[in-house]
Structure formats: C-alpha cells, structure tokens
**Student:** 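There's a structure below that I have some questions on.
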Amino acid sequence: MQPWLWLVFSVKLAALWSSSALIQTPRSLTVLTNQMAKVSCEAKTLPKTTVISWLRQRQGPTKDKHFEFLASWNPSRRTATYGEGVKKESIMVFSDITRHILNLTSVKLEDSGSYFCMMVGSPQLIFGTGTELSVVDVLSTTAQTTKKTVFKKKLCPVPKPKAQKGLTCGLITLSLLVASLLVLLVSLSVAIRLHCLRRKAQIRFMKQFHK
C-alpha cells in the first residue's frame with residue numbers, strides 16, 4: 001500500500017473511532033469574559049488509565065491555523081502535564097469515572113476557538129467530537145426578545161370571518177417552521193465546521209508522528 005493511501009485510511013479510521021470513543025459536550029459554548037468555561041470528554045469504551053490530551057485551535061482570519069497543546073491528564077498517576085507557555089492557574093484538567101474535564105478559568109476573548117480532546121491510539125490518533133467556544137463581552141439578548149414575541153403571537157384573535165382565522169394561524173405556523181429551519185441550518189453548519197477541523201488536526205498530527 002502506498003504511504004499516502006495508508007495516511008488517508010488511518011485518518012478515516014481515526015474519525016470513526018472518534019465518533020464512538022471520545023464524545024465531547026457541549027458541542028458549542030458561549031461564555032462571558034472572566035468567567036469559567038467547562039468542557040467534558042467522555043470515554044466509555046476506553047480503559048480508565050487512558051491518558052487524555054487537550055488541544056486548542058484559536059479563531060483567526062487566516063486559514064492556516066495551528067493546534068496548541070494545552071495539557072494532558074494521566075488517571076493512573078493523577079497528574080497533569082501542561083504545554084509550553086500555558087498558565088497552570090488558567091487551565092485545570094482532571095477526570096472522574098468515565099469523563100475527562102477541561103476547566104478554563106477567567107477566559108479572555110483570545111480564548112475563543114475549537115477545543116479537542118485526544119488520545120494516542122494504536123496506530124492512529126483518536127480525537128473527540130470537538131467543542132466550539134465563543135468568549136464575548138456581552139451576551140446577546142436577541143434570543144430572549146424573539147422568544148417573548150413568539151409567545152404573544154401564539155394567541156390568535158377571535159375573528160368574525162372564518163377566512164381571517166385561518167390566515168392568522170397559518171402565518172404563525174409558517175413563522176415557527178422558518179425559525180425551526182434556521183436553527184437546524186445553524187446546527188448543521190457548526191457540525192460541518194467541527195468535522196473539518198477535526199480532520200485537519202488528524203492529518204497534522206499523523207504527519208508529526210510519522211516524521
């Protein structure tokens with residue numbers, strides 16, 4: 001088998017393992033600055049002694065984004081190893097029975113990005129499903145305003161002509177369908193973005209391990 005074919009096969013195999021072996025929650029997270037962000041990585045089918053590493057890809061204008069090694073947790077020794085330049089007081093990693101936890105304390109705007117848990121398998125690298133973290137100065141109130149408006153419009157007025165009642169309720173139903181479709185499209189775009197980032201990370205790390 002050609003070397004490049006083996007690389008492609010290994011990356012696809014790693015993606016299949018990632019979907020079942022390392023499941024991250026939440027898939028996306030929005031946090032105010034100076035608050036704490038918590039990401040969980042569940043490893044039900046892996047041994048309790050599995051060492052889990054955490055990686056970050058910061059948000060930026062360029063497509064060539066590198067992955068930072070933040071920290072790793074060894075459940076057997078119950079010790080953490082931190083990446084170069086990582087402030088220990090700003091990142092905490094630990095685990096319980098089946099979950100590995102990453103806590104970011106006092107997050108800043110530059111902490112926004114994609115976070116992945118990872119383990120070194122045999123022979124491939126296994127990545128988590130990914131978590132998209134957005135750090136903002138002020139939380140948007142658009143969702144709350146929209147929710148209140150929709151609640152008020154649910155009450156159909158009692159019309160005298162029958163045709164008016166059908167028209168009013170029909171518009172409300174159409175609005176709800178459009179809103180549901182928008183939510184579905186946003187969720188799908190986030191999932192596709194995380195899948196692409198995970199594949200890029202797998203290829204980069206496979207190249208580094210095969211050097």
Side-chain angles (χ1 to χ4, degrees), residues 3-4 6-31 36-43 46 50-75 79-95 99-135 189-211:
W4 66 272
W6 173 251
L7 177 60
V8 172
F9 175 76
S10 299
V11 170
K12 290 184 177 180
L13 184 61
L16 292 175
W17 269 89
S18 300
S19 61
S20 59
L22 298 177
I23 301 175
Q24 287 183 230
T25 52
R27 296 297 297 272
S28 61
L29 183 63
T30 301
V31 182
M36 184 181 72
K38 180 179 178 181
V39 181
S40 174
C41 178
E42 193 166 3
L46 298 177
T50 301
V51 177
I52 296 294
S53 300
W54 290 93
L55 309 174
R56 171 172 62 194
Q57 186 181 48
R58 296 182 187 270
Q59 291 180 351
T62 61
K63 294 183 179 180
D64 186 17
K65 303 174 183 178
H66 68 282
F67 286 83
E68 305 173 68
F69 169 70
L70 299 178
S72 63
W73 174 256
N74 189 324
T79 56
T81 302
Y82 294 89
E84 183 179 356
V86 175
K87 297 180 180 180
K88 297 181 180 180
E89 62 273 11
S90 63
I91 292 179
M92 178 171 38
V93 291
F94 59 94
S95 66
R99 295 187 309 161
H100 293 260
I101 307 298
L102 169 68
N103 274 346
L104 303 174
T105 60
S106 189
V107 294
K108 307 299 181 185
L109 294 177
E110 56 268 23
D111 291 324
S112 297
S114 300
Y115 290 76
F116 295 90
C117 58
M118 184 205 73
M119 64 162 286
V120 179
S122 177
Q124 75 281 354
L125 298 173
I126 299 177
F127 285 79
T129 49
T131 297
E132 190 80 11
L133 173 64
S134 298
V135 182
S189 63
V190 172
I192 293 174
R193 172 183 167 85
L194 291 176
H195 175 71
C196 294
L197 291 176
R198 183 169 68 251
R199 286 180 62 87
K200 289 182 181 179
Q202 291 167 355
I203 295 174
R204 288 174 181 264
F205 276 90
M206 288 298 299
K207 289 182 179 179
Q208 293 179 4
F209 275 90
H210 283 79
K211 287 184 178 180

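A quick note: this is a predicted structure, and the numbers were derived from the prediction, not measured. Sequential numbering from 1 along the given sequence is applied to the chain's residues.
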**Student:** Which residues satisfy the salt bridge (Lys or Arg N to Asp or Glu O under 4.0 Å) test with R27, sequence neighbours excluded?
**Tutor:** none
**Student:** Would you say Q24's side chain and G130's backbone share a donor-acceptor pair under 3.5 angstrom?
**Tutor:** yes
**Student:** At what distance, to the nearest 0.5 angstrom, does CD1 of I101 lie from CD1 of I52?
**Tutor:** 11.5 Å
**Student:** For R58, run the salt bridge (Lys or Arg N to Asp or Glu O under 4.0 Å) check against E132, E110, E68 and tell me which one passes.
**Tutor:** E68
**Student:** Can you measure from CG (L102) to OG (S95) and round to the nearest 0.5 angstrom?
**Tutor:** 12.5 Å
**Student:** May I ask you to test the D111-R56 pair for a side-chain heavy-atom distance under 4.5 Å?
**Tutor:**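 Result yes, sub-4.5 Å side-chain heavy-atom pair found.
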**Student:** Looking at every heavy atom in both S112 and V135, which two are closest together, and how far apart are they?
**Tutor:**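 Smallest heavy-atom distance, with atoms named: OG-N, 2.9 Å.
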**Student:** With a 4.5 Å heavy-atom cut-off, do L55 and Y115 have their side chains touching?
**Tutor:** no
**Student:** Quick check for you: to the nearest 0.5 Å, what is the distance between L104 atom CG and W54 atom CH2?
**Tutor:** 9.0 Å
**Student:** So which heavy atom on L133 is nearest to which on A37, and how close?
**Tutor:** CD1-CB, 4.1 Å
**Student:** Distance from K38 atom NZ to T131 atom OG1, nearest 0.5 Å?
**Tutor:**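 Rounded to the nearest 0.5 Å, the NZ-OG1 separation comes to 12.5 Å.
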**Student:** Would you give me the side-chain donor-acceptor pairs under 3.5 Å for residues 79-94, sequence neighbours excluded?
**Tutor:**
from: S90; atom 1: OG; to: K87; atom 2: O; distance (Å): 2.8

**Student:** If you measure from CD1 on I23 to CZ on R99, what distance do you get to the nearest 0.5 Å?
**Tutor:** 13.0 Å
**Student:** Rounded to the nearest 0.5 Å, what's the gap from SG on C41 to CE on M119? Could you check?
**Tutor:** 10.0 Å
**Student:** Would you say that F116 contacts L22 through its side chain, given a criterion of any heavy-atom pair below 4.5 Å between the two side chains?
**Tutor:** no
**Student:** Report yes or no: does T105 contribute a side-chain atom to a donor-acceptor pair with the main-chain N or O of M36 at less than 3.5 Å?
**Tutor:**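 No, T105 side chain to M36 backbone: no donor-acceptor pair under 3.5 Å.
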